[in-house]
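Report on the following structure.
When reading the values below, keep in mind they use all heavy atoms of this one structure, side chains included, and skip hydrogens, waters and symmetry mates.
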There are 2 protein chains.
Amino acid sequence: MRGYDKYAFEPFAVTVDLAVFTVRAGELQVLLVERGQEPYAGRWALPGGFVLPHESAETAARRELAEETGLADVSGLHLEQLRTYSEPDRDPRMRVVSVAYTALVPDLPEPRGGGDAAQARWLPYGGTGPLAFDHDRILADARERVGAKLEYTCLATSFCPSEFTLGELQQIYETVWGTALDRPNFRRKVLATPGFVEPVPGAARLTGGRGKPAALYRAGTATTLHPPLLRPEGRPS
Amino acid sequence: MRGYDKYAFEPFAVTVDLAVFTVRAGELQVLLVERGQEPYAGRWALPGGFVLPHESAETAARRELAEETGLADVSGLHLEQLRTYSEPDRDPRMRVVSVAYTALVPDLPEPRGGGDAAQARWLPYGGTGPLAFDHDRILADARERVGAKLEYTCLATSFCPSEFTLGELQQIYETVWGTALDRPNFRRKVLATPGFVEPVPGAARLTGGRGKPAALYRAGTATTLHPPLLRPEGRPS
DNA sequence: TCCTTAATAGTCGTGATGACTATAAACAGC
DNA sequence: GCTGTTTATAGTCATCACGACTATTAAGGA
């Protein structure tokens, strides 16, 4: 089936969809846009758009991410291909194959309107009605992947600002996994993993709250966790 | 960027590529086809082909898998989406976006020529010259994924026939990971994981070789391994 | 009958981990 | 200043998983 000139083929539209997660106010939130037109007018949808002729899907995803978050520099953000959705009827208008990406970002300011008519907003995960198209499925897949990735990668730091406390890092885990973790054990585990976090040398401390000030850490250079940081209770969400 | 009628979009060709692995003769082998025409005439390539208008990529992948392996029933085989490759110049002729899939199959008979002109063959992983297109990259990604998945899923049984010994299962791990495992420890670990394997009740045993006959097992119902079966030496291949 | 081969059983020490307890350093109120 | 509350950080301890071994069992071959 590789003779290109021998077989006819259907042209497809190719898009990217973005599941952009953040943790704010102690809950997992997702970046969504409100659809202005049919189909699914008025519904929330994942941000995304067409892959342009000269772009790879990855490039298109990063471009869309910049547009939707309003950030000038998205090069530091974690962006990862999730999977591709290609059911023939996933878009009632035409045949659209969509490459979905997952992005993890720290607590950003509310997105400005972007160049787009549709406004983007942070909404709590699960706190929306049904999304447009097959975006509920995409979002669920993305959420599951994020939860799993926290176990065996250092990805949780992507949710944090450049400097953070171990308490904040633990909150990321607890929010994404929906479970409480033992503080001393979490601390021991994180610090025992080389390259996960590194202390900010100048005895910098965080003020503002009550209680003893916490030491600040930066994301380390490691990417994988060995051994993994398994969530309690055998299996995933 | 979701106004479909407002923005022009480029039509893409969408294909699937298959990285089909098996373990035979103590080595990891891949199903490849020889290209008959330019570009890359004479080179080996991953089997694959166009997604037809009425198909999902998954359906197309399963159809291609059946065609290439010559198996009538591929419904039991493990087929999993790997990722999508969309670099604009990955095919010199046209814009082709390819959804890659990974399949794990037991030791099958040599593939017959199929309906295709190009013949398919099992070749040892890494034992081929450079593949056509970006298939070296796809194959390397697939291989890495397979190795990683053996750690935390029960996927190794997909490489085995319906009934197998623990020694055979261990060989799968050793071949894919390229490391030797301690036999008693491997055994203890596998048997301690509920649902990984289940013994074939009729004291069935395997004959043929020297030494004490081994008990036979079937694949269990579990899909994930908790805790994971980590390969020796911190990190992956 | 021995030797070889391979499967299976069991032992032992180390290290990671879960569950706790204890101390330290900040602030709020009195 | 003293006390209590809050949160970070430092330990303790028992359990369990795991790597490294040794031992036993059951076959075939010489």
Please report the distance, rounded to the nearest Å, between [atom1] in [X] and [atom2] in [N].
X	N	atom1	atom2	value
A/L169	D/dA8	CG	P	12 Å
A/L181	C/dC20	CG	P	15 Å
A/H226	C/dG15	NE2	P	19 Å
B/R231	D/dC18	CZ	P	16 Å
A/L191	D/dG11	CG	C1'	14 Å
A/F186	D/dT7	CZ	C1'	16 Å

_Sugar-phosphate, base or nothing in reach of B/R187, heavy atoms under 4.0 Å_ =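 Contact class for B/R187: sugar-phosphate only.
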Between protein and nucleotides 16-18 of chain C, what N or O pairs are separated by less than 3.5 Å?
{"residue": "C/dT17", "atom": "OP1", "partner": "A/K189", "partner atom": "NZ", "Å": "2.5"}
{"residue": "C/dT17", "atom": "OP2", "partner": "A/K189", "partner atom": "NZ", "Å": "3.3"}
{"residue": "C/dG18", "atom": "O6", "partner": "A/R188", "partner atom": "NH2", "Å": "2.9"}

_If you compare all heavy atoms of A/L181 against all heavy atoms of A/Q170, which two are closest, and at what distance to 0.1 Å?_
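Where A/L181 meets A/Q170 most closely, the heavy atoms are O-NE2, 2.8 Å.
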*Do you know which two heavy atoms are closest between B/L46 and B/V33, and how far apart they sit?*
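So the two residues come closest at O-CG2, 4.1 Å.
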[options]: which one has an atom nearest the side-chain heavy atoms of [X]?
X	options	answer
B/A214	D/dA27, C/dA7, D/dT9	C/dA7
A/P184	C/dA25, D/dG11, C/dA9	D/dG11
A/R210	C/dA6, C/dA26, D/dT6	D/dT6

*Test the B/R143-B/Y125 pair against the cation-pi criterion, namely NZ or CZ under 6.0 angstrom from the six-membered ring centroid and within 45° of the ring axis.*
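Geometry flag: set, cation within 6.0 Å and 45°.
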*Considering residues at least two apart in sequence or located in another chain, which fulfil the side-chain contact (heavy atoms from CB on, under 4.5 Å) criterion with A/D107?*
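Once residues adjacent in sequence are excluded, the partners of A/D107 under the side-chain contact (heavy atoms from CB on, under 4.5 Å) criterion are A/R24.
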*With side chains defined as the heavy atoms from C-beta onward, is the minimum distance between A/W177 and A/E151 less than 4.5 Å?*
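A/W177 reaches A/E151 side chain to side chain.
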_Check: B/Y217 and B/E198 side chains under 4.5 Å, non-hydrogen atoms_ =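 B/E198 vs B/Y217: side chains apart.
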*Would one find a side-chain N or O of A/R183 under 4.0 angstrom from OP1 or OP2 of D/dT9?*
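Answer no for this pair, as no side-chain N or O of A/R183 is under 4.0 Å from OP1 or OP2.
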*Quick one: are the ring centres of A/Y173 and A/F186 less than 6.0 Å apart?*
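Yes: the rings meet the under 6.0 Å criterion.
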